[in-house]
Engineer: 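Take a look at the following structure, please.
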Amino acid sequence: MKLDNMFKKSQAISGKEPEKEAKAEVPEGLLRKCNLCKKVIFAEDVEKGYYICPKCGGYYHMPALERIRMIADEGSFEEWDRELKPVNPMRYKGYLDKLRQQQEKTGLKEAVVTGKAKIDGTEAVFGVCDSRFLMASMGENVGEKIARAVERATKMRLPVILFAASGGARMQEGIVSLMQMAKTSAVLKRHSEAGLLYISVLTDPTTGGVTASFAMLGDIILAEPGALIGFAGPRVIEQTIGQKLPKGFQRSEFLLEHGFLDGIVERKRLRESLSQILKLHEVPGVGKELLSETMSGQVGKESFSDTTSRQVEKEISSDAASTPTGKKKKKRIEPWDRVLKSRKSDRPSGSDYIKALFTDFVEFHGDRAFGDDAAVAGGIARFHGMPVTVIAQEKGKGTKENIAHNFGMPKPEGYRKALRLMKQAEKFGRPVICFVDTPGAFCGIEAEERGQGEAIARNIYEMSALSVPVLSIVVGEGGSGGALALAVADEVWILENAVYSILSPEGFSSILWKDSSKAKEAAKVMKMTAENLYRQNIVEQVFEEPEELTTENIRIVTDKMEREIQAFLGKYGALSGEKLLEHRYQRFRKL
């Protein structure tokens with residue numbers, strides 16, 4: 001395809017400043033000058049190089065069919081609804097002529113190409129916007145093509161992947177164009193209620209009515225680097241409010257930071273990332289199907305006939321976990337010393353347990369409302385081949401990481417991100433496994449302004465009725481409601497030197513004794529150690545630790561934990577949704 005117009009009109013994206021380059025006389029069509037860095041490049045290199053400038057790395061707008069060739073298995077794409085009769089609902093003068101010109105110029109019939117294809121053998125329904133056609137604005141036929149594709153995907157029980165690149169609603173079609181926002185959103189809602197996956201990929205630009213409808217409704221929302229994404233375009237905003245916008249405003253990186261994207265994926269890695277996500281959604285979820293697979297060894301490495309027959313009440317496997325009543329006797333450790341151990345800077349953090357226990361982890365970001373809280377990490381992974389949702393409170397290691405993760409103290413957006421992932425797990429039938437390690441929820445002005453109490457309460461409320469198995473493991477500090485917001489589970493486990501309490505010992509002594517220096521005494525009174533928690537039926541299992549637990553010897557703990565997680569999934573996966581919810585209800589009702 002010729003790149004003449006593309007180089008003139010496309011918005012190449014790069015953080016680099018344009019460089020001056022001497023003009024050169026070149027044969028027509030062989031070389032072009034990048035509109036961003038101004039360097040001379042071979043047009044063929046761009047076509048073969050994912051439509052990326054080989055000199056500055058800037059992204060060019062990619063034709064829809066080229067994108068499909070880049071993503072889909074060779075020869076697998078089957079186009080749908082190519083021919084739709086042009087419409088002119090507003091009888092706008094010259095509009096039909098304009099459509100014909102665009103068709104001749106681009107070789108497309110409309111601004112979106114839809115159909116079915118495979119990615120690494122996995123079938124999916126595609127919708128790919130092409131910004132060369134009236135900036136891929138959404139008129140009646142664009143909305144209709146997307147709606148038909150999603151409806152067929154729902155009937156065929158296939159995932160949907162939509163690539164957005166649009167200037168927004170099509171002005172020439174007036175209110176009819178506006179209604180396409182409702183139409184596309186409604187069909188995606190039905191697709192979602194059928195328990196099917198929708199991945200939205202945002203490219204440059206994604207603005208206006210497309211942003212305010214199908215583009216932002218994905219179960220998973222990805223974006224290309226540097227893509228312009230927003231409801232009102234920068235020029236409109238500047239003209240309206242009379243202010244200069246900050247650098248990077250409305251770019252992909254800005255949206256990721258503010259919680260609206262799951263991730264930014266480079267164009268060269270997009271096929272690989274989509275394939276991984278699709279395959280993580282292929283395996284049936286929990287319930288009888290999972291139990292059958294587990295018992296036959298397809299998911300777990302061992303037979304669980306001995307463990308799945310155990311009662312749902314609290315039981316501990318003597319070979320997989322140590323308990324206060326076990327045979328081994330250790331030197332007595334004071335409660336305050338356990339508190340100090342739980343806080344050690346080199347103690348494994350939540351992400352270390354994810355690495356040790358799971359494979360194929362794909363992290364998702366953001367609460368879809370305000371921000372992405374680094375104190376909570378979560379996403380999809382595999383446990384012995386089975387997709388699960390994993391969520392961990394993350395402290396990091398060392399001062400720099402501690403500050404970046406806010407010392408493991410989540411803000412409201414952290415809890416809302418966790419809840420979003422849990423509800424997504426429920427939709428797709430994935431078990432939820434949480435790793436708890438926080439001194440407590442962040443207490444600060446901004447946290448209160450954004451509803452810290454409501455966010456924690458909402459998590460507790462929703463977790464109590466999740467229709468999939470939920471397991472929570474306290475691996476460090478379990479501080480107050482900030483910990484409970486990830487610990488309303490079918491079972492709660494704890495490491496030997498982890499703690500779980502109503503408040504920190506310092507806070508407890510400050511409130512009750514008006515003296516925070518009595519934290520050591522408070523730790524004894526609070527009965528916050530694993531031994532006490534087990535005796536009070538707050539936790540089901542206690543996992544023995546080496547004298548000093550670090551990332552180097554974490555396998556001592558996780559090998560035992562891995563076997564117990566297998567047993568947990570077999571046990572609770574065998575329960576009907578009704579029995580699962582009743583068990584969780586009774587677990588907390590009797591406390």
Side-chain angles (χ1 to χ4, degrees), residues 64 67-68 71 79-81 84 110-117 119 122-130 136-170 176-203 206-223 227 229-231 255 259-263 274 277-278 280-282 364 366-369 380 419-421 423-430:
R67 187 176 291 279
I68 291 169
I71 298 294
E79 186 172 357
W80 293 344
D81 301 308
L84 289 183
E110 251 298 349
V112 66
V113 177
T114 59
K116 182 179 69 170
I119 302 178
T122 302
E123 274 196 328
V125 169
F126 281 44
V128 185
C129 293
D130 194 316
S137 53
M138 183 165 65
E140 180 180 340
N141 279 351
V142 169
E144 183 65 18
K145 290 186 73 170
I146 291 173
R148 290 186 188 187
V150 174
E151 286 173 342
R152 288 180 72 171
T154 305
K155 289 179 181 177
M156 299 170 76
R157 300 201 59 78
L158 291 176
V160 168
I161 306 174
L162 297 182
F163 295 83
S166 176
R170 191 169 293 178
V176 174
S177 178
L178 188 71
M179 293 303 106
Q180 305 314 304
M181 295 167 63
K183 178 197 288 186
T184 55
S185 299
V187 295
L188 285 167
K189 175 65 172 173
R190 289 194 172 190
H191 183 265
S192 179
E193 288 181 342
L196 300 170
L197 174 67
Y198 165 39
I199 304 172
S200 179
V201 182
L202 312 183
T203 72
T206 298
T207 59
V210 166
T211 301
S213 56
F214 71 83
M216 299 304 292
L217 295 176
D219 295 301
I220 297 163
I221 303 178
L222 306 176
I229 304 164
F231 179 59
L255 268 76
F260 296 102
L261 302 179
D262 283 293
L274 291 173
I277 292 169
L278 288 174
L280 281 166
H281 288 80
E282 280 184 328
F364 295 145
D367 66 346
R368 296 285 200 275
I380 313 175
L419 181 58
R420 180 176 75 82
L421 295 176
K423 296 301 286 185
Q424 188 183 94
E426 183 177 48
K427 171 181 173 179
F428 296 110
R430 290 192 296 265

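This chain uses plain numbering: 1 for the first residue, then up along the sequence.
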Engineer: Indicate yes or no for a side-chain donor-acceptor contact from Thr206 to the backbone of Thr203 under 3.5 Å, with no hydrogens or angles considered.
Structural biologist: yes
Engineer: Tell me the closest heavy-atom pair linking Val113 and Ala64, and the distance in Å.
Structural biologist: CG2-CB, 3.8 Å
Engineer: State the CE-CE distance between Met138 and Met179, to the nearest 0.5 angstrom.
Structural biologist: 10.5 Å
Engineer: Quick one: side-chain hydrogen bond (donor to acceptor under 3.5 Å, both in side chains) partners of Asn141, sequence neighbours excluded?
Structural biologist: none
Engineer: Just wondering, do Lys145 and Leu84 contact through their side chains at under 4.5 Å, heavy atoms?
Structural biologist: yes
Engineer: Check whether any side-chain N or O of Thr154 sits under 3.5 Å from a backbone N or O of Val150 as a donor-acceptor pair, and report yes or no.
Structural biologist: yes
Engineer: Give a yes or no answer on whether the side chain of Ser177 reaches the backbone of Arg170 with a donor-acceptor pair at less than 3.5 Å.
Structural biologist: yes
Engineer: Please collect all salt bridge (charged side-chain N to carboxylate O under 4.0 Å, His left out) contacts where either partner lies in residues 179-196, sequence neighbours excluded, each pair once.
Structural biologist: Glu144-Lys183, Lys189-Glu193
Engineer: How about Ile380 and His281: do any of their side-chain heavy atoms sit closer than 4.5 Å?
Structural biologist: yes
Engineer: Leu162 versus Thr184: any side-chain heavy-atom pair under 4.5 Å?
Structural biologist: no
Engineer: For Ser137 and Ser166, work out which heavy atoms get closest and say how close.
Structural biologist: CA-OG, 3.7 Å
Engineer: Keeping to residues at least two apart or across chains, list the salt bridge (charged side-chain N to carboxylate O under 4.0 Å, His left out) pairs with something in residues 154-166.
Structural biologist: none
Engineer: Which atoms form the tightest heavy-atom contact between Asp219 and Arg420, and what is the distance?
Structural biologist: O-NH1, 3.9 Å
Engineer: Side chains of Ile161 and Ile119: closer than 4.5 Å at any heavy-atom pair?
Structural biologist: yes
Engineer: Under a 3.5 Å distance rule, please check whether Thr114 uses its side chain to pair with a backbone N or O of Trp80 as donor and acceptor.
Structural biologist: yes
Engineer: Counting C-beta onward and ignoring hydrogens, is there a side-chain heavy-atom pair between Leu274 and Val201 closer than 4.5 Å?
Structural biologist: yes
Engineer: Do you know which two heavy atoms are closest between Leu217 and Ser185, and how far apart they sit?
Structural biologist: CD1-OG, 3.5 Å
Engineer: Do you know which two heavy atoms are closest between Gln424 and Ile220, and how far apart they sit?
Structural biologist: NE2-CG1, 4.2 Å
Engineer: Decide, yes or no, whether a salt bridge links Lys423 with Glu426 under the criterion of side-chain N to carboxylate O below 4.0 Å.
Structural biologist: yes
Engineer: What is the ring orientation for Phe126 with Phe163, classed by angle as parallel under 30°, tilted 30 to 60°, or perpendicular over 60°?
Structural biologist: tilted
Engineer: Is Lys427 reaching over with its side chain to a backbone N or O of Leu196, donor-acceptor style, under 3.5 angstrom?
Structural biologist: yes
Engineer: Do Ile277 and Leu197 have side chains that get closer than 4.5 Å, going by heavy atoms?
Structural biologist: yes
Engineer: Could you give me the CA-CA distance, side-chain angles and deciding distance for Met156 and Lys116, then say whether side-chain contact (heavy atoms from CB on, under 4.5 Å) is met?
Structural biologist: CA-CA 11 Å; Met156 299 170 76; Lys116 182 179 69 170; 3.8 Å; yes
Engineer: What distance do Leu278 atom CG and Leu158 atom CG have between them, rounded to the nearest 0.5 Å?
Structural biologist: 10.0 Å
Engineer: How close do Leu202 and Ser200 get, counting heavy atoms only, and between which atoms?
Structural biologist: CD2-OG, 3.4 Å
